[in-house]
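None of the values given here were measured: they were computed from a predicted structure. Every chain is numbered from 1, with letters handed out A, B, ... down the list of sequences.
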There are 2 protein chains.
Amino acid sequence: MSEIVSRKVQIEGVATELFRKKGYAATSMRDLAQAVGMEAASIYSHIKNKEALLSSICFRLADAFMDAKKEMELQTMPAPLLLQKAIEAHVRVITNNLDASAVFLHEWRHLSPEPLAEFIALRKAYENYLIRIIHQGKEEGKFQFEDEKIAVLSLLSGLNWIYDWYKPEGKLSPEQVAQNLSNLLLNGLTKK
Amino acid sequence: MSEIVSRKVQIEGVATELFRKKGYAATSMRDLAQAVGMEAASIYSHIKNKEALLSSICFRLADAFMDAKKEMELQTMPAPLLLQKAIEAHVRVITNNLDASAVFLHEWRHLSPEPLAEFIALRKAYENYLIRIIHQGKEEGKFQFEDEKIAVLSLLSGLNWIYDWYKPEGKLSPEQVAQNLSNLLLNGLTKK
DNA sequence: TGTACTACCTAACGTTCGTTAGGCAAAGGA
DNA sequence: TCCTTTGCCTAACGAACGTTAGGTAGTACA
């Protein structure tokens, strides 16, 4: 606890990087230990086991998304604006946690049954929140689409892939990316 | 060779399912053998090693995408129509190979350096082909967007996520999904 | 009927895995 | 100055890993 960040936080950070780069199953505790600069056995002084690392990463990000959802649900406004705000919040979570986002999206299935079920429930709740916005837009007469599920899942996948190409040192700020994406999703490619 | 499908094809099929469900690294040769109904050692009569399975799955699908690309590039038509056709072809490849698509999208990084480099090159070529279409649309004055990269990568991610939710036994045909998605990507959610 | 081949088996190899036990040296409070 | 705690170490555990060697039935063809 005497360092700038605790050893535990440091281990989780390095684990996040490795799980992203190599995948959870292909990352050994010895890999992780080496990257941190200690022996594998020493890691167990700071964390319970390997899965606790994955669980911590996945649920930290799930909580971040749920916080964004909770805050959005306090506001009432027209669906197009609501959706734009929701996209902004989502993009902000991802761009602030690029490695963790990749782990969150791809490695959650390695959780054991109990946390897995909880994780899936959280994700479902988040999907439903986006579905509600899109549904509201249709009722307001502002949105049109044929299939709700396709609309939301395509939206989500477009948002979620950001971690794959977003470079924090690049020219686009998170806000610009959010702006760009919501424009794309609301108006499509076609020039008016 | 006396069966309906050769043992090799069967093994690759089962491997595709398992790699999708559990991930490449978390799928053992003994898992695979059990699912096929033989002993782990026996698999090596039919395939060189574990990575050859992954390689085969990834490149078979890469080839399918490249075939679609090649066929598209023979045609000349306005960009909006071109994009719609490209989306249709892409959706067709994915819906015809749901498990393989998931493996293709998530497990390619476990390839060893040489096939990995080839794989990445193929994917890059495919991305460029979509970029050209979108670029052409802008030059024709038919498309508008701020950032080419974001447009194409969001497009691709929307298309690629299909394997996650598409159910062959569901109510939507591959053609309907393609239609639905190209409409979404061209026109957005906003009602005109 | 004899022979080559196919398709699988058992057994085992060396390696790596996640994890635990037990110890030791430095630091900090009494 | 003694004692407890902290933070890491070495050593080792049993299990699982990918893969190879060698054998043995059953089949197909001469």
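Here B/H46 does not reach the OP1 or OP2 of C/dT6: none of its side-chain N or O atoms lies under 4.0 Å away. Phosphate contact (OP1/OP2 of C/dC8, side-chain N/O of B/R7, threshold under 4.0 Å): present.
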Pairing string, 5' to 3', for DNA chain C - Watson-Crick or wobble contacts under 3.5 Å, brackets [ ] where pairs cross, | to another strand:
||||||||||||||||||||||||||||||
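The residues A/D147 and B/K171 are annotated as salt-bridged, a charged nitrogen and a carboxylate oxygen being separated by less than 4.0 angstrom. The pair A/K70-A/E73 does not meet the salt-bridge criterion, since no charged nitrogen lies less than 4.0 angstrom from a carboxylate oxygen. Under 4.0 Å is where a charged nitrogen must lie from a carboxylate oxygen, and between A/E39 and A/R30 no such pair does. Taking a cutoff of 4.0 Å between a charged side-chain nitrogen and a carboxylate oxygen, A/K167 and A/E169 do not qualify as a salt bridge.
Rounding to whole angstrom units, CG of residue A/L32 and P of C/dC17 are separated by 12 Å. As rounded to whole Å, 18 Å separates atom C1' of C/dC8 from atom NZ of B/K8.
Between A/A86 and A/I133, the shortest heavy-atom contact is CB-CD1, 3.9 Å.
Residues satisfying the side-chain hydrogen bond (donor to acceptor under 3.5 Å, both in side chains) criterion with A/S112, sequence neighbours excluded, are A/E51. Residues satisfying the side-chain hydrogen bond (donor to acceptor under 3.5 Å, both in side chains) criterion with A/R20, sequence neighbours excluded, are A/D99. Partners of A/Y166 by side-chain hydrogen bond (donor to acceptor under 3.5 Å, both in side chains), not counting sequence neighbours: none found.
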Protein and nucleotides 25-27 of chain C: nitrogen or oxygen contacts under 3.5 angstrom:
none

Short N/O separations, protein against nucleotides 18-22 of chain D, under 3.5 angstrom:
unit_1	atom_1	unit_2	atom_2	d
D/dG18	OP1	B/T27	O	3.4
D/dG18	OP1	B/K50	NZ	3.0
D/dG18	OP2	B/M29	N	2.8
D/dG18	N7	B/R30	NH1	2.9
D/dG18	O6	B/R30	NH2	3.1
D/dT19	OP2	B/Y44	OH	2.6
D/dT19	OP2	B/K50	N	3.0
D/dT19	O5'	B/Y44	OH	3.3

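Between B/L98 and B/P168 the shortest side-chain heavy-atom distance falls below 4.5 Å.
A distance of 8.5 Å separates OG1 of A/T76 from CG of A/L82, quoted to the nearest 0.5 Å.
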